[in-house]
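To start, the structure under review is shown below, and the notes come after it.
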Amino acid sequence: FGQAKTIDDDLLGDLEEALFTADIGVRTSQKLVDMVHDSLGKKDMDRPDKVWAALKDQIRALLDVGAPPLDLDRAKPLVIMVVGVNGAGKTTSIGKLAKRYTEAGKKVLLAAGDTFRAAAVEQLEVWADRAGVPVVKGSSGQDPSSVIFEAIERAEREGYDVCIADTAGRLQAKVELMDELAKVHRVSGKALAGAPHEVWLVLDSTNGQNAISQAKVFTEAVAVTGLVLTKLDGTAKGGVIIGISDEMRLPVRYIGIGEKVEDLRAFDADAFAEALLA
Amino acid sequence: TISKGFRTVKHRFQGKRELTEDNITEALRDIRISLLEADVDFKVVRGFIGRVKEKALGEVVQISAGHGADRQEVKPGDHFIKICQDELEALMGPVDTGLNFSAGITTVMMIGLQGAGKTTTTGKLAQWLTDQGRRPMLVAADIYRPAAIQQLRVLGERLDVPVYHEEGKQPPEICKNALGYAKSRGRDVVLFDTAGRLAIDEQLMGELGEIKRLTKPDNVMLVVDAMIGQDAVRTAASFDERIGIDGFIMTKLDGDARGGAALSIKAVTGKPIKFLGMGETLDALEEFRPEGLASRIMG
Ligand SMILES: Nc1nc2c(ncn2[C@@H]2O[C@H](COP(=O)(O)OP(=O)(O)OP(=O)(O)O)[C@@H](O)[C@H]2O)c(=O)[nH]1
Ligand SMILES: Nc1nc2c(ncn2[C@@H]2O[C@H](COP(=O)(O)OP(=O)(O)OP(=O)(O)O)[C@@H](O)[C@H]2O)c(=O)[nH]1
Ligand SMILES: [Mg+2]
Ligand SMILES: [Mg+2]
């Protein structure tokens with residue numbers, strides 16, 4: 001007597017509510033609860049503090065995808081292609097990265113690969129100015145592949161360490177836009193063998209379950225190598241990346257925590273799990 | 001047209017002669033999962049499931065007590081689905097689209113989180129208004145985002161609609177002065193495009209309050225991204241409490257996001273869904289109709 005075989009119903013309800021309202025999703029929430037269950041000794045099942053601690057550990061475990069640390073020196077220029085749905089925070093994140101890498105002593109070049117949206121190039125130019133780096137841009141409506149091709153060639157010719165390519169926002173359900181992105185990827189490889197060395201999908205942490213479809217479809221189109229999770233300074237928890245990490249083994253490289261140039265942090269899984277359950 | 005979620009439910013009841021507590025519970029489990037995966041708010045789902053269960057069980061009692069004998073003619077699956085659909089429609093609320101037009105100059109204030117689609121939707125509304133024979137004017141009141149003014153100016157040029165801005169002024173003053181300018185130019189609808197902001201940002205919410213105080217807008221529209229998850233209710237409720245919204249516009253529905261937040265926001269704030277953004281071009285705006293959204297959310 002006094003030995004619980006399963007987690008108490010009320011506590012289970014609290015766990016579920018915390019998980020669902022953090023956008024962790026049905027499938028992953030169930031998986032986490034099962035993992036917590038399996039990891040707990042019988043006598044700990046009815047101790048809320050043990051259960052919550054176990055949940056945090058399992059979240060940490062799923063986020064640890066075993067990706068190698070980011071190595072900006074493994075290619076010169078290291079070409080980073082930034083992709084994602086409309087309004088996720090791509091252009092802003094590129095501005096922050098340009099500043100961060102410049103301060104780390106890297107020579108950075110930006111490519112204004114969004115040739116479609118109103119004032120997209122102008123927006124990137126303001127960020128480039130803030131970071132003190134140049135931008136390669138084309139004419140409005142120009143094929144984004146050719147703009148990025150030119151940028152990579154210039155980066156190589158002029159000894160840049162990093163070339164970051166901005167692309168237009170696009171919804172993954174739009175086949176012709178995903179084809180355009182795949183072409184940008186292919187053409188980058190023609191400008192420089194091995195490019196793009198990194199393809200980062202920018203995910204808005206206010207997104208719900210659609211982020212999973214974004215990760216899958218963008219990866220099918222351009223072999224995504226990492227994630228940037230933006231807008232974590234808001235009230236959304238970004239829990240959907242736990243399922244994405246588990247299923248797709250994609251590392252979160254950075255998080256965006258505001259709209260200023262310094263509002264970027266390297267991803268810290270422990271801090272993320274802590275904030276999620278807060 | 002019946003959605004996939006409802007089809008699974010129908011399947012469950014195939015060959016069953018009646019609604020029972022067991023088959024209702026099973027069906028509701030499927031529906032709950034479907035709604036949560038569609039990003040409907042956790043508590044809104046709980047309320048919905050509770051009400052449907054109560055109604056459906058009430059039917060079981062009725063039928064087994066021999067009342068409503070003629071109801072046994074309706075297949076149990078169809079009957080259960082009808083209960084769900086009625087409940088969904090009740091949540092979506094009565095259709096109340098379009099804008100509140102005033103006798104003089106009609107004002108529309110566009111607000112919402114960063115990247116939701118405010119600037120683009122402001123342009124779309126201007127096109128919609130022009131098509132109706134009105135004379136809109138756009139006000140660039142986002143002084144923070146790089147090239148935000150430029151973005152709105154490009155849209156204005158495409159639509160041949162004037163864009164008002166004043167360098168070096170704060171948004172409340174820009175919006176207030178825009179009204180005088182609109183009057184002098186014979187414009188009859190003024191749309192304020194504001195900067196994206198978090199509902200928890202005290203200073204920026206204060207700025208919105210100030211714009212509202214100075215311009216007394218006829219329409220405060222909350223612009224919401226269809227992909228938004230469980231944060232939808234938190235955000236919408238905060239904006240509504242702090243500023244007061246007249247309606248909301250859901251954008252990016254041309255993608256495959258289920259858009260469950262539309263249900264949640266309507267359920268919690270009681271405010272109507274006015275328009276739907278269906279693409280990046282300025283003609284991609286529709287007035288809200290419940291049928292399409294209900295079946296999309298049900299999956
Ligand atoms: N609060 C907050 N806002 C952010 C963050 N990252 C980006 N934003 C804001 O989100 C909005 C959209 O950012 P953009 O950089 O234009 O997004 P994008 O993905 O390039 O958008 P498109 O090119 O139109 O697809 C802007 O208002 C940014 O300031 C973040 O980490 N926190
Ligand atoms: N596919 C699609 N894209 C849209 C829709 N509405 C807006 N967008 C895109 O979403 C992105 C963000 O739109 P904006 O109008 O800049 O959003 P915003 O709310 O003004 O952003 P901030 O001012 O930074 O808060 C742009 O790439 C738009 O083209 C829509 O209905 N469908
Ligand atoms: Mg951009
Ligand atoms: Mg805007």
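Within every chain, numbering begins at 1; the chains are lettered A, B, ... in the order of the sequence lines, protein sequences first and strands thereafter.
- In this structure, chain B has a heavy atom under 4.5 Å from the side chain of A:V85, while its backbone stays farther away.
- The candidate with the highest count of non-hydrogen atom pairs below 4.5 Å against chain A, out of B:L113, B:L198, B:D201, B:V154, is B:L198.
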**Q.** Derivation and outcome, side chain to side chain contact (heavy atoms under 4.5 Å, CB included), residues A:L171 and B:M227
**A.** CA-CA 10 Å; A:L171 301 182; B:M227 300 171 242; 3.8 Å; yes
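- Contact detail for A:A119 and B:A147: the closest heavy-atom pair is CB-O, 3.8 Å.
- Of the two parts of B:D41, neither the backbone nor the side chain holds a non-hydrogen atom closer than 4.5 Å to a non-hydrogen atom of chain A.
- When all heavy atoms of B:G196 and A:E259 are compared, the pair lying nearest together is O-OE2, 4.1 Å.
- Residues A:R130 and B:P146 meet the side-chain proximity criterion, which asks for heavy atoms closer than 4.5 Å.
- No donor-acceptor contact under 3.5 angstrom links the side chains of B:Q151 and A:Q123, judged on distance only.
- Residues A:E16 and B:R46 are not paired through a salt bridge, judged by the lack of any N-O separation under 4.0 Å between the basic side chain and the carboxylate.
- Environment of CD in B:E26: crowded, with over 12 heavy atoms of neighbouring residues, nucleotides or ligands closer than 6.0 Å.
- For A:E17, the parts lying near chain B are the backbone and the side chain together; criterion is any non-hydrogen pair under 4.5 Å.
- For B:T119, no part lies near chain A; criterion is any non-hydrogen pair under 4.5 Å.
- Heavy-atom minimum distance, A:F20 versus B:Q230: O-CG, 3.2 Å.
- Contact of B:R158 with chain A is made through the side chain alone, with heavy-atom distances under 4.5 Å.
- Neither the backbone nor the side chain of B:R153 comes within less than 4.5 Å of any heavy atom of chain A.
- When every heavy atom of B:L36 is checked against every heavy atom of A:Q209, the shortest pair comes out as O-CG, 4.3 Å.
- The closest donor-acceptor contact from the side chain of B:K252 to the backbone of A:N86 lies under 3.5 Å.
- Side-chain contact, B:D231 with A:T206: no donor N or O sits under 3.5 Å from an acceptor N or O.
- The existence of a salt bridge linking B:E37 and A:R27 is excluded, since no basic side-chain nitrogen approaches an acidic carboxylate oxygen closer than 4.0 Å.
- Donor-acceptor pairing under 3.5 Å is recorded for the side chains of B:D256 and A:N210.
- Using modelled atom types, one side-chain atom of A:K231 and one backbone atom of B:Q114 make a donor-acceptor pair closer than 3.5 Å.
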